[in-house]
Amino acid sequence: MRYLPLSPSDRAEMLAKIGVDHIDDLFKDVPKSALLKEPVDLPLHMSEMQVDRDFRALAEKNIPAGSHPFFCSAGAYRHYVPSTVDHMIQRGEFLTAYTPYQPEISQGTLQTLFEFQTQVAQITGMDVANASMYDGSTACGEAVLMARRATRKKKAILSGSLHPQYIDVVKTATKYTDDVTVINPVETYFVDDLIAQIDDETSCVVVQNPDFFGNLQDFTALAEALHARKALLVVVVTEVVSLGAVRSPGSMGADIVVGEGQSIGNGLNFGGPYVGLLATRQKYVRTMPGRVCGETVDADGKRGYVLTLSTREQHIRREKATSNICTNAGLCTLAFTIHMTLLGEKGFRHLARLNHSKAVKLADKLSCVDGIQVLNDSFFNEFTISLPLNAAKVIESLADVEILGGVPLSRLYPNNEKLSNQMLVAVTETVTEDDMDRLVTELKELINAK
Amino acid sequence: MLNKQGRQTDIATASRLSAGATTTHSGNKGLEQDELLIYEIGDTQRCGVDLEEVGEFEDRLGGITRDNEIGLAGLSEPETMRHYTRLSRKNYAIDMGLYPLGSCTMKHNPRLNEKVARLPGLSDIHPLQPISTVQGALEVMDMLAHWLKTLTGMPAVAMSPKAGAHGELCGLMAIRSALDKRGENRSIVLAPESAHGTNPATATLCGYKVKSIPATEDGRVDLVALKAALGPDVAAIMLTNPNTCGLFERDVIEIADAVHEAGGYFYCDGANFNAIVGKVRPGDLGVDAMHINLHKTFSTPHGGGGPGAGPVVLSEALAPFAPVPYVIHGEEGFELVEHIAEDSDSFGRMTAFHGQMGMNIRALAFMMSHGADGLARVAEDSVLNANYIMASLEDVMTVSYPGPCMHECLFDDRFLAGTGVATLDFAKAMIDEGYHPMTMYFPLVVQGAMLIEPTESESKQSLDQFIGSLRHLVAEAKAGNKDLFSGAPYFAPLRRLDETLAARKPVLRWRKSE
Amino acid sequence: MTTYYSEEHEWVTIEGNNGTVGITNYAQNALGDIVFIEVPEVGSSHAKGDEVAVVESVKAASEIFALIGGEVTAINEALEEDPALVNAQAETDGWFYKVALSNVQELEGLMDADGYKAFIATLD
């Protein structure tokens, strides 16, 4: 077995040193009835080449995004990741290191986290960010729990145009601790509707920007109404590239910003691993969940970084911890940071503008098709269209001609007849004009064939 | 001073010192290079990507166009490469040497796993693509589920939890849902004193109060105390097995029976599954739910603190309460159940999309490479290595509990008594010897705990070198060479860091100086 | 003005119906470098024995339980900027909060300075 260095003679020598005859003597505390006499019923070991071959066969059964015109989104976005990023995250010193609990020999990971926290705080317009969460949806659940700790109130209000799976995750995460209400499910929220729901028991309102359907809004008024009631505004961003083009949640008065950072540096990966962002204002730092990296000096006075504020965390605070979270999204934060460093201010804003301009172009092309309606007044790089046909069937027909045409809303709202003809379409920098024209042509044909 | 090859080692240092130069102009020392922050190297105008030009167009941003500078620093591609390469060299890693962190299972990360996880057909697929276009991905999930169920002897598995602690939450939510369905309002979760901190933190999230169970003198759950604590108010016990002292809970079946008899459930923290994989099936021990840290037992890279993955195997009693999504075999291939049917008992959804697919692929590649035979060998070699370390150090360090241990061995700091060397200092001196220290001060049940987990990845030669270093340090401590420890590390990229300063005045981001 | 002490190493100095509360020098020494102190909100009330404050060092967090009940009338704002004050002057400038006593009789059972001195001599 190529991964196991011990030879039979090593094993014999080591057993002798320990003073036992047989390896199973070391398992003597296991109840006899439970110690297996032979291997479990699974295949035996395989060569590297064989395993490689098996996975290639599995991969062949999927249609990868890169080989076809691709327009899917709804919380996961396909962007071009520069080659440097994947090379760097495969360096063993990053890939095979543990959590940086020994700072003297972990400065690589720690300094990168410090850069990551700074980048996240900057794009969200907040004071501080943590060293990441599992993903955007779980970060959203943590934000609601955090708002309870910060306000000592437990009534959270979620906008109905928050990603429906995020709504489900928040409901699950807070099932036994908070009261969560969802306002206007499936509708683009109106700030006034949300304001009308706020009372003195409210801990926070959670909104998404751009929202699940792609719409953009300003929440300054909502933030003001919340602050007047000592409640917090939580803003969710699932497409962080949008922050290069639109005003930051911080500038609108957000108290907590959570995001899905996958768009920067990380591939689609069928939904994970991704990287959750969580940023907040200085005064709420100690109610923040998760790991945090901070600056300090070493015994010689040299600048260095350590994990800090760890008394909030489970390994010290146990049942009183701010969260049960233990890991972060380590390597995915590294990918985020390297990609963001390559972009810089100039590249990030250019990338955002490029995405938006392409989306505008496709929206215009689709608007010209009889029967198709673009439902958004505003959007960044994804928008909702309605068709004269069942959208899920349209998506299947498009897949048959090798176009991954978007996400039908029925995939996320299965029991809502009103939405069955609607789909989300996204355009990133990876989409070409040819891709757009193919989509438009095929949609036209499907509509005409009706 | 002579090195192991009998060569003089300190001539260069001595000559440099006699030349009067203890520092360099750059601050660097050969391959050890100082590195500034990106914000101090780059600026907002520099960029390491080329993007197509954007022509004039009318934006549809709804009047909220960004109107201020973000302040992001950019670097060109070569600068970026150099910056992160330099930083990487300041990290210790499994690829460099033995990483004896108890309870973390720092084993070799095969690169085959990285390679297959990057196949476009497995990495470049969207979670919401039509199901007909992702049959291979669903097959991977189904295969991994089959391996996990077979290895644990459990009938069901929830695949979506994103890490160990997330898996704990999944397991306890299933337990609470099952109790709710029975109409029982139990409020207590029992956990041994030696439990991971995530256990009580998770129980609290499920609205439970945690009651601690004492340990016996041989480091195991006190069965008498446990039985006395059981009652109609106990929802579950959370037990790590092998436990955090590196010992197998001999009475585990009796514990499970007692908990079940009292109407509670047995949650097993699977953090230490590496010691028994392929040798013992938790299902045969009476477990109702157990998370499996794919990043431990099945070697998905730790990546400097994540991402992890924490699928949870469930017993027949808890399976109906599993969260969405899950894969089923349909008439036209695999199907993905993403929504909770009205008659379903599923407790909800733990994450957007379907879990840590990238980690699933790596773990499955690891399992297939080892096979049923190789995985049992993994358990055996990891246990053998830990016992070998214990046997080789027990005459100079204090073993907390008599062996055999499982895949990790626990020492405490009694052997340092009277030397004036603190436990933490001892750990920091290991850094100078070229090792990452073992897990310190955990578990909490022994004073000055030092928990060593070598894993199956270490050769005998590597273990002997490690043992040699530890024996040397113990001898130095006993010889009264305190400075070797109190000032350590001397040879790391940085000396001891001031954690008090960091916590008193938290500086959590870079800011432009005024 | 009299100062009382508890076996949990807290002190309270009484002036009329008002008390000033902190932790003792012995306690700060045992806790090590203090990095943060969470004090109760002004205007909040608590009973004797309730958790009122948390003292954090780098690797530990210790709950402080009220040695007397009452309403918090002031907090030591200097601690937010400089938690090290508790290490330096635990029993003077490092006070935590001021409280309007709800029941003066709760002071019975606490120790005086000599009693506390004798008590800590029995520890270690």
Side-chain angles (χ1 to χ4, degrees), chain A residues 5 10 14 18 26 29 34 39 42 44-45 55 58-59 61-64 72 92-93 96-97 99 103-105 107-109 118 128 134 137 165 168 172 176 216 247 269-273 294-296 298-299 304 308 314-315 318-319 321 324 326-327 330-331 342 344-347 378 399 407, chain B residues 44 47-48 62 64 72 74 87-88 90-95 116 119-121 124 126-128 130 133 136 162-163 165 197 200-202 204 207 248 284 301 303-308 348-349 352-354 356-358 371-372 374 388 391 404 459-460 492 494-497 502 507-510:
Chain A
D10 287 338
M14 291 164 74
I18 296 162
L26 299 177
D29 290 326
L42 288 165
L44 300 182
H45 68 272
F55 274 94
L58 286 162
K61 297 179 187 175
N62 299 324
I63 298 184
C72 301
E93 300 93 327
T96 75
T99 305
E104 298 87 355
I105 45 171
Q107 286 299 305
T109 297
T118 306
V128 289
Y134 305 136
S137 67
Q165 292 188 338
D168 291 344
T172 304
Y176 303 115
L216 289 160
R247 277 176 51 204
N269 290 318
F270 200 50
E295 184 182 306
T296 187
D298 81 348
T308 189
Q314 49 76 26
H315 63 278
R318 300 176 80 85
E319 70 272 14
N324 76 334
C326 185
T327 50
L331 208 63
L342 284 163
E345 175 93 16
K346 210 171 151 189
S378 62
V407 177
Chain B
T44 54
C47 186
I64 54 163
L72 291 167
L87 285 183
S88 76
K90 298 175 192 291
N91 272 1
Y92 191 83
I94 305 166
D95 281 359
V116 295
L119 291 170
D124 194 16
H126 191 278
L128 300 175
T133 67
K162 296 240 160 196
T202 303
T204 305
F248 197 90
D284 296 335
R349 173 179 274 280
F353 311 127
H354 330 309
Q356 304 287 66
M357 188 60 181
Y388 180 70
S459 67
K460 179 168 177 297
L494 287 183
R495 301 283 309 284
R496 202 86 62 96
L497 286 130
V507 177
L508 308 181
R509 61 174 289 188
W510 175 86

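On a predicted model such as this, the values are computed, not experimentally measured, just so you know. Lettering of chains follows the sequences in order, A, B, ..., and the numbering in each one begins at 1.
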Contact summary for P130(B) and A399(A), nearest pair of heavy atoms
CG-CB, 4.1 Å
Ignoring hydrogens, what is the shortest heavy-atom contact between Q165(A) and F353(B)? Give both atom names and the distance.
OE1-N, 2.8 Å
Taking it one step at a time, do E93(A) and D95(B) satisfy side chain to side chain contact (heavy atoms under 4.5 Å, CB included)?
CA-CA 7 Å; E93(A) 300 93 327; D95(B) 281 359; over 6 Å; no
How long is the span from the OH atom in Y134(A) to the NZ atom in K162(B), to the nearest 0.5 Å?
10.0 Å
Keeping the roles fixed (side chain from S137(A), backbone from A352(B)), state whether a donor-acceptor pair exists under 3.5 Å.
yes
Where does L119(B) contact chain A at under 4.5 Å (heavy atoms): side chain, backbone, both or neither?
side chain
Find out whether V116(B) and L58(A) are in side-chain contact, i.e. whether some heavy atom of one side chain is under 4.5 Å from a heavy atom of the other.
no
Ignoring hydrogens and angles, tell me if any N or O in the side chain of T172(A) forms a donor-acceptor pair with the backbone of R349(B) under 3.5 Å.
yes
Looking at chain B, which one of L331(A), T308(A), I105(A) has the largest number of heavy-atom pairs inside 4.5 Å, strictly under?
I105(A)
Could you check which of T296(A), L26(A), I18(A), T96(A) has the highest count of heavy-atom pairs closer than 4.5 Å to chain B?
T96(A)
For a 4.5 angstrom cut-off between non-hydrogen side-chain atoms, does E104(A) reach R496(B)?
yes
Among G197(B), G74(B), G348(B), A165(B), which residue forms the greatest number of heavy-atom pairs with chain A at distances under 4.5 Å?
G197(B)
Go through D168(A), L44(A), T99(A) and name the one with the most non-hydrogen pairs under 4.5 angstrom from chain B.
L44(A)
Minimal heavy-atom distance between A372(B) and L42(A), with the atoms involved, is CB-O, 3.5 Å
If you count heavy-atom pairs within less than 4.5 Å of chain A, which of A492(B), P301(B), G374(B) leads?
P301(B)
T109(A) versus chain B, heavy atoms under 4.5 Å apart: side chain, backbone, both or neither?
both
Using non-hydrogen atoms and a 4.5 Å limit, figure out which bit of A34(A) sits close to chain B: side chain, backbone, both or neither.
both
Which residue out of T202(B), D124(B), I94(B) racks up the most heavy-atom pairs below 4.5 Å with chain A?
D124(B)
Just verifying a value: how many Å separate F270(A) CZ and L128(B) CG, rounded to the nearest 0.5 Å?
8.5 Å
Most heavy-atom pairs under 4.5 angstrom with chain A, which of A502(B), G371(B), G305(B), G308(B)?
G305(B)
Of all heavy-atom pairs linking E345(A) and L72(B), the shortest is OE1-N, 2.9 Å
Most contact-rich option vs chain A, by heavy-atom pairs under 4.5 angstrom, among T44(B), N91(B), D284(B), is N91(B)
For chain A, which candidate among G62(B), A391(B), P307(B), S459(B) shows the most heavy-atom pairs at distances under 4.5 Å?
P307(B)
Over all heavy atoms of both residues, which pair between P120(B) and P64(A) is shortest? Give the atoms and the distance, please.
O-CB, 3.5 Å
P103(A) to L497(B) - nearest heavy-atom pair and separation
CB-CD1, 3.3 Å
